[in-house]
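Before any comments, here is the structure.
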Amino acid sequence: MQPHYDPRSIEQEAQAFWAQRNSFRSIEDPAKPKFYCLSMFPYPSGKLHMGHVRNYTIGDVLTRCYRMRGYNVLQPMGWDAFGLPAENAAMANRVPPAKWTYDNIAAMKRQLQGLGFALDWERELATCRPEYYKWNQWLFTRLFRKGLAYKKTGIVNWDPVDQTVLANEQVIDGRGWRTGAPVEKREIPMYFFRITAYAEELLAALDRMDGWPEQVKLMQKNWIGKSEGVRIGFEYQLENQKKVLWVFTTRADTLMGTTFLAVAAEHPIAAFAAKKNAQLAEFVEECKRGAVAEADLAQLEKKGMPTGLYCTHPISGEKLPVWVGNYVLMGYGEGAVMGVPAHDERDYAFALKYALPINCVIRHPAGDAVPQPWKPAYAETGRCINSGKYDGLEYQAAVDAIAADLKAKGLGDKQVQWRLRDWGISRQRYWGCPIPIVHCASCGDVPVPDEDLPVRLPEHLVPDGTGNPLAKMPEFYQTQCPSCGEPAKRETDTMDTFVDSSWYFARYACPDNDRAMLDARANYWMAVDQYIGGIEHAILHLLYSRFFTRAMKAEGLLEVEEPFTNLLTQGMVLAESYYSDAQGRREWINPAEVEVTRDARGKILGGRTRDGREVVYDGIGTMSKSKNNGVDPQAMIDKYGADTARFYIIFASPPTNTLEWSDESVEGSFRFLKRLWAYCVRFDSSGPGMTDDLAKATRFEIHSVLRQANYDLAKHQFNTVASAAMKILNALERFAGGRNKVTEEGVSILLRLLSPITPHVCHHLWRELGFGEDLLQAGWPEPDPAALEQEEIEYVVQVGGKTRGSLRAPRSAGQPALESLVRESELVQRYATGKPIRRIIVVPGKLINVVV
RNA sequence: GCCGGAAUGGCGGAAUCGGUAGACGCAGCGGACUCAAAAUCCGCCGACCGCAAGGUCAUGAGAGUUCGAGUCUCUCUUCCGGCACCA
């Protein structure tokens with residue numbers, strides 16, 4: 001046996017062993033219980049980042065545990081290969097996105113292989129390959145024919161200089177990232193998936209998904225946002241015609257407190273009123289400038305302008321002014337709201353600003369008038385006041401009565417409203433899956449027939465930032481109508497990359513099938529038993545995948561309707577970021593280049609670069625290209641090996657926590673593996689024998705730690721499993737007695753327990769010490785109940801709730817025996833002198849509290 | 001702004017059902033080995049008071065429930081994630 005731990009050689013050797021045996025190839029086998037373990041596939045950016053290493057190590061730990069427990073495990077890998085970064089790289093380097101992407105895939109695949117993950121590479125897929133995206137297109141045409149995919153207009157960010165649509169990410173402080181021009185909103189035709197058709201189902205199923213974190217289910221529930229309320233009509237006259245302005249509210253009980261109405265800038269009433277009012281037209285235009293991201297809109301200063309139109313209150317008949325308000329969203333409800341300033345915070349701020357009346361109609365403890373400033377209590381429900389016939393009614397009774405009266409007048413009824421909007425999938429970009437539609441002057445939008453799929457994306461183009469190159473390429477868009485044969489124009493928009501990632505998990509079951517999207521193998525492997533990925537995907541990706549799985553089930557492609565039985569959301573990997581301020585432009589400096597200065601408490605003040613420039617500390621955050629704070633895991637792997645990298649990342653923090661990168665602690669992980677190696681080197685040489693008592697104590701300690709480790713493993717707290725391995729090694733070293741029955745059992749437990757985390761070194765030592773041919777076949781270690789038996793138990797003794805010491809008692813001692821033991825004990829004599837004992841609380845096996 | 005989460009020594013974290021706060025590591029300090037350094041090994045390591053025995057305080061802040069609170073309840077602060085065209 002080599003005297004020193006040399007990760008490079010043993011890792012290569014172990015990987016060659018697994019490759020030669022095809023250890024990780026998965027074959028459908030109905031006789032064995034299956035376990036489909038999936039980590040979110042990476043975007044091929046070129047290099048693995050720390051988040052990837054974390055994600056795939058967590059998945060690999062689970063995969064290897066289940067494999068050793070006898071499950072038929074599938075752990076595949078692929079590439080989420082379409083997307084914006086490839087186009088950005090193309091512009092920067094004048095390389096086609098395809099070439100850049102394929103090169104990146106090759107580089108990252110080598111990195112993944114070097115980490116020794118138990119992956120079935122025969123099932124590898126890439127979403128940019130026609131064999132894959134053909135089925136995106138095929139399913140799209142199916143959904144299109146069913147009406148689950150349809151066309152309508154949508155609002156996008158428009159860069160007026162580059163004449164191009166921008167992603168939200170490309171809008172910085174309301175300006176285009178390349179041109180700096182103020183961004184405008186623009187309405188264009190787009191395709192949508194009717195995810196709202198599944199809103200009720202997607203919501204209801206959450207209650208049955210026990211394997212998902214409550215946190216994620218709650219986020220999805222709020223995102224879907226079912227609210228039950230009332231749709232209310234306010235009549236108005238327009239060019240001598242009677243019209244109705246509809247609003248939706250969940251607080252119909254406050255209807256009598258309505259003092260104004262507000263509509264979104266995109267509302268038809270706003271457009272109509274703006275025609276005769278230049279000032280209003282200017283305001284409506286102002287609202288339409290700027291970016292589309294909801295976070296930006298929500299933080300705008302509340303502004304409004306009257307339209308000059310008045311509506312009639314459906315109950316009181318009062319005239320109410322109609323305003324345009326920039327805080328009203330066209331995309332939710334009716335694009336119009338009733339303004340009840342006394343009981344809604346935003347309406348209140350608006351009314352205060354524009355001196356609109358505030359009428360209090362709900363009794364609340366804070367008083368019946370609404371003074372400044374706003375208090376959250378004003379928005380609470382309560383008994384109606386100042387509301388005529390509704391006075392005295394509680395919330396539900398008031399809503400019921402008002403809804404009934406409105407219904408009788410034809411001016412409203414109860415309604416369910418969803419926050420969830422249909423999923424717009426059109427992207428005016430090149431590097432994505434072409435939408436399989438042909439626009440024909442006489443036949444309209446015609447889906448491409450199956451025999452003409454896939455619509456291939458040309459792979460040689462280089463975008464220049466001024467719109468989609470496909471739209472400038474007649475060879476691509478000139479075609480014939482599949483229906484009438486006349487010349488027609490092919491759609492040049494591509495699909496949102498979320499479409500690609502909404503079904504890839506099922507395709508891993510049958511990536512080689514060129515005749516069908518999915519086959520029977522998908523029903524064997526689906527659903528994914530354990531899905532692992534970043535918490536940042538908690539809503540969009542996971543919700544879209546749930547929708548797609550239902551849509552695929554409806555097509556008869558799958559038997560399951562939920563794709564992921566258990567979900568583990570890993571925390572983000574964070575790092576510090578620093579910038580130097582040069583003429584108002586921030587230059588981001590990689591933390592590896594910064595010497596940090598700290599205050600006396602160790603808090604970071606700032607730092608300087610190696611060449612002496614002052615840098616500003618910008619706090620801690622996700623590793624990102626834009627802040628240049630990514631730490632390359634390859635440096636750690638090259639220096640210490642894959643096992644150290646894997647051990648560090650598991651040991652540093654529990655999977656669901658954020659992980660703050662620190663390269664200092666990597667050294668400690670490496671030291672542990674060296675210590676393990678050194679112990680095994682001297683393991684075979686004989687030492688002094690063990691007494692029975694020592695053997696018993698050693699076994700008790702090792703099996704207790706193992707029991708705890710298995711418990712932690714079940715709740716996916718892997719960092720303490722790594723600690724457990726360290727504790728076992730500490731115990732073995734402390735009781736160093738050479739190779740005997742007890743230490744042999746200890747080492748066998750240690751290597752098996754540790755092997756999912758550091759598979760290479762464990763594989764090597766397992767064979768070297770003669771435990772067997774292949775550790776993967778060894779089976780999972782379970783604690784021996786006999787080793788855990790104890791005759792005496794140590795009780796913690798508290799007096800008046802304060803810990804004062806401990807007391808040994810036989811395991812069999814009951815409450816009365818323990819009480820008399822503790823009364824006589826020296827501890828109680830000392831701490832309870834003179835005070836009468838009122839009560840003695842005994843927690844069996846643990847603690848005795850003497851209440852005085 | 002809205003939705004979700006987090007906060008424990010100098011640092012990462014542990015504490016299973018409300019029952020010894022700080023397991024296991026990192027950093028630091030002291031020592032052994034060495035001509036020396038690295039590596040390795042041994043010891044110490046929350047704060048304050050005390051020669052010591054020991055005591056008091058302490059889990060972001062403030063209140064509450066309890067024999068007993070890091071854990072439960074309420075209020076607040078700070079940080080992180082998402083907000084529909086980043087993936």
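Per chain, numbering begins at 1; letters A, B, ... match sequence-line order. All heavy atoms count here, side chains included; hydrogens, waters and symmetry mates do not.
- A donor and an acceptor atom sit less than 3.5 Å apart, one in the side chain of Q428(A) and one in the base of C85(B).
- One P atom belongs to A61(B), the other to U66(B), and the distance between them is 23 Å to the nearest Å.
- Side-chain atoms of N88(A) and R178(A) include no donor-acceptor pair closer than 3.5 Å.
- Ring pair F41(A)/W79(A): centre-to-centre distance not below 6.0 Å.
- Remark: the N468(A) side chain and the Q428(A) side chain contain no N/O donor-acceptor pair separated by less than 3.5 Å.
- Crowding of Q2(A) atom CD: a count of heavy atoms from other residues, nucleotides or ligands under 6.0 Å not exceeding 12.
- Using a 4.0 Å cut-off, some side-chain N or O of N719(A) falls inside it from OP1 or OP2 of A14(B).
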Atom pairs, N/O to N/O, protein against nucleotides 25-27 of chain B, distance under 3.5 Å?
residue, atom, partner, partner atom, Å
G25(B), OP1, N730(A), OD1, 3.3
G25(B), OP1, N730(A), ND2, 2.7
C26(B), OP1, R671(A), NH1, 2.6

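- Taking the charged nitrogens against the carboxylate oxygens, E733(A) and R675(A) do have a contact shorter than 4.0 Å, which makes a salt bridge.
- OP1 and OP2 of G68(B) both lie 4.0 Å or more from every side-chain N or O belonging to K846(A).
- Taking only side-chain nitrogens and oxygens, T658(A) never comes nearer than 4.0 Å to OP1 or OP2 of C80(B).
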W503(A) and F547(A): CA distance, side-chain angles, deciding distance, ring-ring contact (aromatic ring centres under 6.0 Å, His included) verdict: CA-CA 10 Å; W503(A) 68 282; F547(A) 161 63; over 10 Å; no
Steps toward side-chain contact (heavy atoms from CB on, under 4.5 Å) verdict (T569(A), V216(A)): CA-CA 9 Å; T569(A) 48; V216(A) 173; 3.8 Å; yes
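- Under the 3.5 Å distance criterion, with hydrogens and angles disregarded, no donor-acceptor pair is assigned to the side chains of D159(A) and T164(A).
- Checking the phosphate oxygens (OP1, OP2) of G54(B), no side-chain nitrogen or oxygen of R804(A) falls inside 4.0 Å.
- Each of U16(B), A87(B), G4(B) was ranked by its minimum atom distance to the side chain of L540(A); first place goes to A87(B).
- In this model, the phosphate group of A6(B) is not approached by any side-chain N or O of N657(A) to a distance below 4.0 Å at OP1 or OP2.
- Distances were taken from every side-chain heavy atom of K715(A) (C-beta onward) to each of A15(B), A84(B), G4(B); the shortest belongs to A15(B).
- Within the 4.0 Å cut-off from OP1 or OP2 of A87(B), at least one side-chain nitrogen or oxygen of T497(A) is found.
- The base of C3(B) does not come close enough to the side chain of N222(A) for any donor and acceptor atom to sit less than 3.5 Å apart.
- Of the candidate nucleotides A84(B), G12(B), C67(B), C67(B) has the atom lying nearest to any side-chain atom of R839(A).
- Relative to the side chain of P654(A), the nucleotides G13(B), C86(B), G5(B) differ in distance, and G13(B) lies closest.
- Phosphate proximity of A84(B) to R421(A): absent, as no side-chain N or O sits under 4.0 Å from OP1 or OP2.
- RNA chain B forms stems at B:1-7 with B:77-83, B:10-12 with B:24-26, B:28-32 with B:40-44, B:46-49 with B:54-57, B:60-64 with B:72-76, each a run of 3 or more consecutive Watson-Crick or G-U wobble pairs whose two key distances fall under 3.5 Å.
- Checked against the 6.0 Å centroid threshold, Y132(A) and Y504(A) do not count as a close aromatic pair.
- Taking 4.0 angstrom as the limit, Q299(A) places none of its side-chain polar atoms (N or O) nearer than this to OP1 or OP2 of C83(B).
- Against the 90° criterion about 0, the sugar-base torsion of G9(B) places it in the syn range.
- Side-chain atoms of R546(A) never come within 3.5 Å of backbone atoms of H541(A) as a donor-acceptor pair (strictly under, hydrogens ignored).
- Between L84(A) and A652(A), the one whose closest nucleotide on RNA chain B sits nearer the 5' end is A652(A).
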